[in-house]
Amino acid sequence: MNPRVRFAPSPTGPLHIGGVRTALYNYLFAKKNNGTLLLRIEDTDQTRFVEGAEEYIIEAFQWLGIPFDEGVGIGGEYGPYKQSERKALYKPYAEQLVRDGWAYYAFDTPEQLDAKRKEAESQKKTFQYDANTRMGMVNSLTLPAEEVERRLTSGEHYVVRFKYPADLDIHVQDLIRGEVVINSNLLDDKVLYKSDGMPTYHLANIVDDHLMKITHVIRGEEWLPSAPLHVMLYKAFGWEAPQFAHLPLLLKPDGNGKLSKRDGDRLGFPVFPLQWHDPKSGETSSGYRESGYLPEAVINMLALLGWNPGNDQELMSLDELINLFSIDKISKAGAKFSLDKAKWFNHEYILMKPAAELRPHFRKILDEKGVTCSDEYLDAVTDLVKDRLNFLPDFWEQASYFFVAPTEYDPQALKKRWKEGTGEKLRVIDEMLCGIQPFDKDKAHDMVMQYIQDNELNMGQVLNSLRIALVGTARGPELFTMIDVIGIEEVHKRVMKAIEVVNL
RNA sequence: GCUGCGUUCUUCUAACGGUUAGGAAUCAAGAUUCUCAAUCUUGCAAUACGAGUUCGAUUCUCGUACGCAGUACCA
């Protein structure tokens with residue numbers, strides 16, 4: 001049977017990069033095994049709804065190039081794929097559990113529960129709604145049947161809680177961690193169905209996964225503690241449970257702990273795929289896209305944070321990742337995000353891209369700077385500078401002199417490379433270069449070299465002073481190639497200007 | 001606190017129970033006969049600790065330490 005997996009975010013804000021990795025692993029697993037990946041929106045908590053979050057999620061995956069086969073925004077035969085639109089469907093399942101003795105109605109108010117917790121806390125204990133305490137609470141186990149019926153029909157608020165059998169060892173088989181065993185006495189009677197008529201994550205995810213014929217649940221490690229509940233729910237419904245795989249967490253680069261939005265702001269890297277503008281707080285969080293990462297690089301980097309192909313290969317296209325992916329190569333321990341490694345990946349991917357594919361990104365930068373040029377010129381410049389870019393926006397810093405003449409000259413470079421008489425020499429060289437008709441960079445190179453030799457000049461001095469005149473500092477690609485690209489007329493202008501401005 | 005999960009260079013990680021514990025990023029040095037990058041070469045650097053099993057443990061078991069996660073009518 002072909003596997004069916006899902007990515008099921010809750011639309012409470014921008015998609016965290018850890019969530020992106022979870023989705024990526026689901027995607028790789030699905031594609032590797034000829035399976036189906038679906039997108040389900042888990043919006044059972046109406047109080048946490050955030051405007052625009054769902055659209056953000058969809059756009060993020062479009063940018064990343066991870067297509068879903070089924071789900072919100074796509075459709076499919078197991079819809080609707082948004083849990084709020086499935087609301088009516090969950091109640092009968094909750095009732096079925098109560099009928100079968102796997103759950104019960106509970107009428108305790110939030111205030112009562114709070115009081116219980118406070119009371120326990122004052123005795124340095126924690127209150128847990130479980131096999132030990134439930135008989136002392138207000139629920140359908142302790143109330144007479146008629147009273148329960150009365151409360152239910154009179155519209156009184158209630159929740160449905162799962163009723164764990166006492167002292168039962170629950171076994172969870174995890175594809176990454178092996179067997180995990182936990183005793184039911186340690187678990188609390190989780191709420192399955194809320195008083196607002198919505199299921200909790202626990203109920204909804206089991207019902208939906210079953211109805212949507214999910215075969216493998218691949219999700220973050222933070223879900224491991226509730227996996228026993230989920231296993232029990234499948235048992236209670238008499239359904240076959242999917243296989244579980246709990247992914248290691250993505251950790252912050254310094255110290256320990258889960259990677260959070262704050263770390264990104266603090267350490268200067270994005271934790272979200274796309275820039276996000278929070279409608280409530282008004283604050284903006286940076287995104288990988290806006291920071292100049294290539295989606296392929298982000299995917300490659302993310303794939304390797306917690307997984308490896310079993311060999312030394314690090315640069316892999318999405319197709320290669322799919323081909324190589326397997327769950328048993330996923331590591332157990334959390335992985336720290338590394339900005340240096342991310343930078344390296346992005347650099348490698350920029351290197352791999354032909355100039356024409358980079359063109360739209362750089363064209364945008366030029367537009368912002370008010371610069372126009374032909375595609376041919378842009379591509380020529382791109383080929384000359386792309387090996388010195390880590391991120392797309394580095395382009396201007398590394399290539400601006402191809403578009404605008406320098407307005408100032410680096411004093412340090414000047415001090416080292418511009419001596420008395422340099423101006424005269426440049427004038428001679430400039431004349432020489434202008435005399436080459438039509439211009440030919442090899443010829444130019446030979447002529448200048450010959451000039452240097454004949455006059456017993458220092459090559460480093462001459463060439464670098466010319467470079468400073470063109471770039472403004474001692475940087476940049478091979479000098480004569482640069483002259484060729486910039487064009488002899490513009491070169492002439494810049495040399496004249498430098499001689500005038502520097503004036504030694 | 002309790003429960004669970006985890007622990008190989010600074011970081012990401014590899015290693016049927018048998019290797020000089022490998023690769024990559026970072027960093028350093030050198031090479032590229034104009035600069036700065038890029039690139040290439042070389043180098044630095046690790047099995048948390050303690051027991052046990054075994055002819056032999058990075059690998060299996062137990063304990064300790066440390067870290068993380070969970071412990072809501074949130075997902």
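Naming convention: chains lettered A, B, ... in sequence-line order (proteins, then strands); numbering from 1 in each chain.
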Donor-acceptor side-chain pairing of T382(A) and D379(A) below 3.5 angstrom: no

Options rU7(B), rA69(B), rA24(B), nucleotide nearest the side-chain atoms of L249(A): rA69(B)

N or O in side chain of K194(A) less than 4.0 angstrom from rA75(B) OP1/OP2: yes

Under-4.0 Å side-chain N/O to phosphate OP1/OP2 contact, S226(A) with rG70(B): no

For rA45(B), the Watson-Crick or wobble partner whose two distances fall under 3.5 Å: none

Parallel, tilted or perpendicular: ring planes of F337(A) versus Y288(A), cut at 30 and 60 degrees: perpendicular

Any donor-acceptor N/O pair under 3.5 Å between rU35(B) base and R467(A) side chain: yes

Residue pair S338(A) / D340(A), side-chain donor-acceptor N/O under 3.5 Å: no

Distance, P atom - from rU58(B) to rG18(B), rounded to whole angstrom: 10 Å

Pairing partner of rU35(B) (Watson-Crick or G-U wobble, both distances under 3.5 Å): none

Whole angstrom value for the distance that separates C1' of rU11(B) from CZ of F345(A): 12 Å

Base of rA24(B) paired with side chain of K341(A) (donor-acceptor, under 3.5 Å): yes

Integer angstrom distance from the P of rG6(B) to that of rU41(B): 38 Å

Under 3.5 Å on both distances, the Watson-Crick or G-U partner of rC66(B): rG6(B)

Rounded C1' spacing from rG22(B) to rA14(B) in Å: 6 Å

Complement of rU26(B), any strand, by Watson-Crick or G-U distances under 3.5 angstrom: none

For atom CZ of R177(A) and atom C1' of rU7(B), their distance in whole Å: 12 Å

rU54(B) - base-pair partner by Watson-Crick or wobble geometry, distances under 3.5 Å: none

Opposite nucleotide pairing with rU19(B), Watson-Crick or G-U, both atom distances under 3.5 Å: none

Contact under 4.0 Å: S10(A) side-chain N or O vs rC74(B) OP1/OP2: no

